[in-house]
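To keep things clear, I will list the structure first and then write my remarks on it.
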Amino acid sequence: MLTIGIVANEPSGDLLGAAVVRELQRQLGDTRVRFVGVAGPRMQALGCESLFEMERLSVMGLTEVLGQLRELLGLRRELLRFMLRERPAVLIGVDAPDFNLGLERRARRAGIRTVHLVSPTVWAWRPGRVKGIRRAVDLMLSIFPFEERFLREHGVPARYVGHPLADEIPFEVDRAAARAELGLDPEAPLVALLPGSRLGEVERLAAPFIETARAAHAARPELRFVVPLINARVGERFRAELQRCAPELPLTLLEGQGREAMSAADVVLTASGTATLEALLLGRPMLVGYRLHPLTYHLVKQLGLVKVPHIAMANLLAGRELAPEFVQSRCRAELLAPALLELLDDHARRAEIEREYARIHRDLRCDAAREAARAVLDLIGETPR
């Protein structure tokens, strides 16, 4: 049986990894391949073996990582020992470059072929990392069209495969059906709040998002809100903040179901991250709020580590700020609530945004999982059944 190592560190990686695992199983046959490494619930549902809980790797931000550095390095050493013992045909790291590229570099040095799915944003953030990428990967799978050329120009073997979410999400999303599925009011204006998938994000964003909802509801009592919560720990933290800030809000809490919540909404208020791309693919106008740990933000600004004008991938793909961004000190209800109400009221603007998002969706749809699986099999010399 063929063994493939795969490591996903967070919910977005679990989503992407699951799409590729499913396609590799289809092309190879379930009985011919074993997947083992670190997996979230979607990948585990497909039979991936997880050596430990994915949440133990879900850390973001310079200062946040420092607080858990010893544990993260220990987990990476444990993974490396396992991979060197098992000798998989290939090791696939899914996103999380600061963790996975180091693992891939050591595995590659030991003769294990390596693939990284989702190019690090070296064109936007810490471009010096491209040298380390060259040492770490036999193949980089890029999910955005502008990345392949940049990587190849810098000596990184790369292949553009498109984005699995663009294939998975239909061009037309039924808002009424989503509301019916979630038991939500079919007529009331609805805002989805997505304060992040990591505990640290929710700790920083729950309060300003809830306060924004409270201010918007005070101005428009007919407004309703839905909040998908990725797991129990995140849910507990959000509920505590809700009880403190605005227990009276007409707000529906969901366990997971982020896509369904966005599908049901008229407008989305979201943390920066994969959720902005998902909202784009669902055709939902959005506002983006984000706060980093203050020290992390200070270092990012002082060292000039960010090289792009926007933080939201939706805006980078559009080439302009269709989704207003409220970062750090600007991520507060006094600014967010008026912008949210303005977007809800401006139907012409929302229609323009939806048209542009539909165009981008069409460009990103390439049957990414099939292309990624083919690239992996080409690298290791395996023939699909």
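Around atom CD of Glu222, more than 12 heavy atoms belonging to other residues, nucleotides or ligands sit under 6.0 Å away. Counted within 6.0 Å of CZ on Arg233, heavy atoms from surrounding residues, nucleotides or ligands total 12 or fewer; the atom is thus considered open. At most 12 non-hydrogen atoms from other residues, nucleotides or ligands lie less than 6.0 angstrom from CD of Glu236. Within 6.0 Å of CD on Glu172 lie no more than 12 heavy atoms contributed by other residues, nucleotides or ligands. Applying the 6.0 Å contact sphere to CZ of Arg149 captures no more than 12 heavy atoms from other residues, nucleotides or ligands. The 12-atom threshold is exceeded at CD of Glu49, counting heavy atoms of other residues, nucleotides or ligands nearer than 6.0 Å.
Using a cut-off of 4.0 Å between Lys/Arg side-chain N and Asp/Glu carboxylate O, Arg175 and Asp266 are scored as salt-bridged. A salt bridge links Asp345 and Arg220; the closest N-O separation between the charged side-chain nitrogens and carboxylate oxygens is under 4.0 Å. With respect to Arg32 and Glu382, a salt bridge is recorded, a charged nitrogen being found less than 4.0 Å from a carboxylate O. Between Asp185 and Arg179, no side-chain nitrogen of the basic residue sits less than 4.0 Å from a carboxylate oxygen of the acidic one, so the salt-bridge criterion is not met. With respect to the salt-bridge test (charged N to carboxylate O, under 4.0 angstrom), the residues Glu187 and Arg224 do not qualify. Electrostatic pairing of Asp378 and Arg159 counts as a salt bridge here, judged by a charged N lying under 4.0 Å from a carboxylate O. For Arg350 and Asp346, the salt-bridge test fails: no basic side-chain N is under 4.0 Å from an acidic carboxylate O. Glu241 and Arg244 are joined by a salt bridge, as a carboxylate oxygen and a charged side-chain nitrogen come within less than 4.0 angstrom of each other. Ion pair Glu211/Arg332 not flagged as a salt bridge, since none of the NZ, NE, NH1 or NH2 atoms sits closer than 4.0 Å to an Asp/Glu carboxylate oxygen.
With a 4.5 Å cut-off on side-chain heavy atoms, Leu254 and Glu260 do not count as touching. Between Leu184 and Thr252, some side-chain heavy-atom pair lies under the 4.5 Å cut-off. Between Leu364 and Pro145, some side-chain heavy-atom pair lies under the 4.5 Å cut-off. Side-chain contact check for Phe225 versus Leu190: every heavy-atom pair is 4.5 Å or farther apart. Taking 4.5 Å as the limit, every side-chain heavy atom of Leu101 sits out of range of all side-chain heavy atoms of Arg129. For the pair Val36/Ile6, no side-chain contact is recorded, criterion being any heavy-atom separation below 4.5 Å from C-beta on. Side chains of Ile112 and Pro88 form a contact here, defined as non-hydrogen atoms less than 4.5 Å apart. In this structure, the side chains of Pro97 and Phe99 stay at 4.5 Å or more apart for every pair of heavy atoms.
Across every non-hydrogen atom of Ala339 and Leu287, the tightest pair is CB-CD2, 3.4 Å. Ala8 and Asp14 make their closest contact through CB-N, 3.9 Å (heavy atoms, listed as atom of the first residue, atom of the second, distance). In this structure, Met140 and Val156 approach most closely via the heavy-atom pair CB-CG1, 4.0 Å. When all heavy atoms of Leu343 and Pro285 are compared, the closest pair comes out as CD2-CB, 4.0 Å. In this structure, Arg291 and Gln328 approach most closely via the heavy-atom pair CA-OE1, 3.4 Å. Taking all atoms of both residues into account, the shortest heavy-atom contact from Leu249 to Ile210 is CD1-O, 3.9 Å.
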For Asn231 and Val234, run side chain to side chain contact (heavy atoms under 4.5 Å, CB included): C-alpha distance rounded to whole Å, both residues' side-chain angles, the deciding distance at 0.1 Å, then the answer. CA-CA 5 Å; Asn231 57 43; Val234 163; 3.4 Å; yes

Apply salt bridge (charged side-chain N to carboxylate O under 4.0 Å, His left out) to Arg355 and Glu352, showing your working. CA-CA 5 Å; Arg355 285 192 296 271; Glu352 177 197 356; 5.8 Å; no

Val20 vs Leu16, side chain to side chain contact (heavy atoms under 4.5 Å, CB included): CA-CA, chis, key distance, verdict: CA-CA 7 Å; Val20 176; Leu16 295 171; over 6 Å; no

Any chance you could lay out the salt bridge (charged side-chain N to carboxylate O under 4.0 Å, His left out) test for Arg259 and Glu168, step after step, and finish with the verdict? CA-CA 11 Å; Arg259 187 175 302 173; Glu168 187 176 328; 2.8 Å; yes

Just do the side chain to side chain contact (heavy atoms under 4.5 Å, CB included) check on Phe35 and Gln25 with the steps written out, would you? CA-CA 10 Å; Phe35 295 92; Gln25 288 173 334; 3.7 Å; yes

Test side chain to side chain contact (heavy atoms under 4.5 Å, CB included) applied to Leu24 and Val33, step by step: CA-CA 8 Å; Leu24 283 166; Val33 60; 5.7 Å; no

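One side chain, Tyr290 or Glu201, offers a donor N or O that lies under 3.5 Å from an acceptor on the other. In this model, no donor atom of one side chain and acceptor atom of the other lie less than 3.5 Å apart for Asp95 and Asn100.
Rounded to the nearest 0.5 Å, atoms CZ (Phe209) and CG (Leu242) are 14.5 Å apart. One finds the CE atom of Met83 at 12.5 Å from the CZ atom of Arg81 (value rounded to the nearest 0.5 Å). Rounded to the nearest 0.5 Å, atoms CG (Asp138) and CD (Glu104) are 9.5 Å apart. Taken to the nearest 0.5 Å, the CG atom of Leu194 stands 12.5 Å off from the OG atom of Ser272. Interatomic distance, CG of Leu223 versus CG of Leu344, reported as 6.0 Å (0.5 Å rounding). One distance of note links CZ of Arg349 with CG of Leu322; it measures 8.0 Å at 0.5 Å rounding.
When each of Val226, Leu205, Leu251 is checked for a side chain to side chain contact (heavy atoms under 4.5 Å, CB included) with Leu193, only Leu251 meets the rule.
Remark: side-chain polar atoms of Ser142 are not paired, donor with acceptor, to backbone N or O of Ser119 under 3.5 angstrom. Put simply, the side chain of Arg365 gets close to the backbone of Ile169: a donor and an acceptor are under 3.5 Å apart. Put simply, the side chain of Arg284 gets close to the backbone of Ala265: a donor and an acceptor are under 3.5 Å apart. Between the side chain of Arg214 and the main chain of Cys245, a donor-acceptor pair closer than 3.5 Å is present. The backbone N or O of Ala39 sits less than 3.5 Å from a side-chain atom of Ser50, completing a donor-acceptor pair. In this structure, Arg108 contributes its side chain and Arg135 its backbone to a donor-acceptor pair below 3.5 Å.
Under a hydrophobic clustering in which Ile, Leu, Val, Met, Phe, Trp and Tyr are joined whenever their side-chain heavy atoms come within less than 4.5 Å, directly or via other members, Phe171 and Leu277 fall into different clusters. Grouping the Ile, Leu, Val, Met, Phe, Trp and Tyr side chains by contacts below 4.5 angstrom, directly or via other members, places Leu80 with Phe82. Under a hydrophobic clustering in which Ile, Leu, Val, Met, Phe, Trp and Tyr are joined whenever their side-chain heavy atoms come within less than 4.5 Å, directly or via other members, Leu182 and Val191 fall into different clusters.
Taking the six-membered ring for Trp and the full ring otherwise, Tyr357 and His361 have centroids separated by 6.0 Å or more.
Taking the six-membered ring where the residue is Trp, His163 and Phe144 present tilted rings, their angle falling between 30° and 60°.
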